[in-house]
Asker: 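Below you'll find the structure I mean.
Along the sequence shown, residues are numbered consecutively beginning with 1.
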Amino acid sequence: KVQRGVASVRRGSIASMPSEETASRPVLLAVDDNPSVLSFVEGVLSTLSQKPEIITAANGEEALRRAEEASPDVIVMDGDMPVIDGLTAIRQLKANANTMDIPIVMLTAGTGEVDELRQPLKAGAMDFVKKPVGPIQLLARVDSALRISLATRARRTSKDVGVITA
């Protein structure tokens with residue numbers, strides 16, 4: 001079991017939803033089929049100043065399910081995974097009305113060719129980090145995506161309140 005705030009999640013189990021205690025904290029979904037990389041990403045993301053709740057998935061199919069269930073604020077997605085690869089998962093997330101607005105940062109292990117690096121962006125990712133992943137680079141990209149996500153949510157919430165009270 002891996003501790004995430006007050007929730008405990010086993011790899012491969014249904015994603016835990018943020019508890020009442022963690023509901024005000026942002027939720028991040030980290031997706032990678034390599035347990036060492038996933039653990040590294042979790043460790044790095046846990047140092048963000050927003051103290052996010054981190055949930056995980058081991059492949060694209062699991063990521064699609066967890067994104068639908070938990071509505072994370074940001075998704076960090078590996079590209080090369082079994083079942084459903086990262087690019088396909090991103091396209092499906094962006095085609096789904098419930099998940100289309102979630103910013104995605106893709107981890108890519110490609111050769112660095114320009115066309116190859118454009119693929120995550122064309123699929124709908126907001127940004128990418130080339131492997132091997134450096135913690136500062138990952139933090140900077142995810143922090144930017146999270147700030148945009150939280151600002152967007154705040155604007156939507158204020159518009160929704162205005163409609164209700166008008």
Asker: Given side chains that start at C-beta, do those of L28 and I55 come closer than 4.5 Å, heavy atoms only?
Answerer: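 No, side chains not in contact.
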Asker: Can you name the residues that form a side chain to side chain contact (heavy atoms under 4.5 Å, CB included) with Q119, not counting sequence neighbours?
Answerer: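 With neighbours one apart ignored, the set is L87.
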Asker: For P103 and A145, which heavy atoms make the closest approach, and how far apart are they?
Answerer: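 That would be CG-O, 3.8 Å.
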Asker: Does the side chain of V76 reach to within under 4.5 Å of the side chain of L29, using non-hydrogen atoms?
Answerer: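 Result no, sub-4.5 Å side-chain heavy-atom pair not found.
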Asker: Ignoring hydrogens and geometry, is there a side-chain-to-backbone donor-acceptor pair from T88 to I84 under 3.5 Å?
Answerer: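 It does not hold such a pair.
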Asker: Passes side-chain contact (heavy atoms from CB on, under 4.5 Å), V41 versus L138? Steps please.
Answerer: CA-CA 8 Å; V41 169; L138 181 60; 4.2 Å; yes
Asker: Would you compute the distance between atom OG of S71 and atom CZ of R153 and round it to the nearest 0.5 angstrom?
Answerer: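 One finds 9.5 Å between OG of S71 and CZ of R153.
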Asker: Taking the side chain as every heavy atom from C-beta outward, state whether I104 and I75 have any pair of such atoms under 4.5 Å apart.
Answerer: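 With C-beta onward as the side chain, the pair touches.
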Asker: Go through the steps to decide whether L139 and L48 satisfy the test side-chain contact (heavy atoms from CB on, under 4.5 Å), and finish with yes or no.
Answerer: CA-CA 7 Å; L139 278 174; L48 283 163; 3.7 Å; yes
Asker: Under the criterion side-chain contact (heavy atoms from CB on, under 4.5 Å), I'd like the reasoning laid out for V105 against M77: C-alpha separation, chi angles, the key distance, then a yes or no.
Answerer: CA-CA 6 Å; V105 176; M77 174 92 65; over 6 Å; no
Asker: Which value, rounded to the nearest 0.5 Å, describes the distance between R25 atom CZ and I54 atom CD1?
Answerer: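 Reported to 0.5 Å precision, the distance equals 8.0 Å.
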Asker: On a heavy-atom basis, which atom in A89 and which in G60 lie closest, and how many Å separate them?
Answerer: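 Looking at all heavy atoms of both residues, the shortest contact is CB-CA, 4.0 Å.
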Asker: Would you say V142 and L45 make side-chain contact, with heavy atoms under 4.5 Å?
Answerer: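 The answer is yes; the side chains approach within 4.5 Å.
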Asker: Could you tell me if the side chain of V31 sits less than 4.5 Å from the side chain of E62, heavy atoms only?
Answerer: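 Answer no - side chains too far apart.
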Asker: Which pairs, with at least one residue in residues 117-128 and sequence neighbours excluded, count as a salt bridge (Lys or Arg N to Asp or Glu O under 4.0 Å)?
Answerer: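 Every salt bridge (Lys or Arg N to Asp or Glu O under 4.0 Å) pair that includes a residue of residues 117-128, provided the two are not neighbours, is D115-R118, D127-R141.
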Asker: Applying side chain to side chain contact (heavy atoms under 4.5 Å, CB included), name anything that partners L121, two or more places apart in sequence or on another chain.
Answerer: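 F128.
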Asker: Between D73 (side chain) and V27 (backbone), is there a donor-acceptor pair under 3.5 Å?
Answerer: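 Side chain of D73 to backbone of V27, a donor-acceptor pair under 3.5 Å: yes, one is there.
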Asker: Please list all pairs passing the salt bridge (Lys or Arg N to Asp or Glu O under 4.0 Å) test where one or both residues lie in residues 142-151, with sequence neighbours left out.
Answerer: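 Qualifying pairs: D143-R147.
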Asker: State, yes or no, whether a side-chain contact exists between L107 and K130 at a heavy-atom distance under 4.5 Å.
Answerer: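 A side-chain contact is absent here, since even the closest heavy-atom pair is not under 4.5 Å.
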Asker: How would you list all residue pairs meeting salt bridge (Lys or Arg N to Asp or Glu O under 4.0 Å) that involve residues 91-101, not counting sequence neighbours?
Answerer: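 Qualifying pairs: D101-R156.
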Asker: Just jot down the side-chain hydrogen bond (donor to acceptor under 3.5 Å, both in side chains) partners of K131, sequence neighbours excluded, or say none.
Answerer: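 With sequence neighbours excluded, K131 shows a side-chain hydrogen bond (donor to acceptor under 3.5 Å, both in side chains) to D32, D78, given in chain and number order.
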Asker: Looking only at heavy atoms, what is the nearest atom pair of A63 and A57, with distance?
Answerer: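 Where A63 meets A57 most closely, the heavy atoms are N-CB, 3.6 Å.
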Asker: Quick check: do I148 and M126 have side-chain heavy atoms less than 4.5 Å from each other?
Answerer: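 Yes; the side chains approach each other to less than 4.5 Å.
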Asker: Could you walk me through whether L93 and M100 pass side-chain contact (heavy atoms from CB on, under 4.5 Å), step by step?
Answerer: CA-CA 6 Å; L93 287 163; M100 67 186 334; over 6 Å; no
Asker: Rounded to the nearest 0.5 Å, how far apart are OG1 of T152 and CZ of R155?
Answerer: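 It is 4.5 Å, given to the nearest 0.5 Å.
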Asker: Does I90 reach the side chain of M106, with side-chain heavy atoms less than 4.5 Å apart?
Answerer: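 Yes - at least one pair of side-chain heavy atoms lies under 4.5 Å apart.
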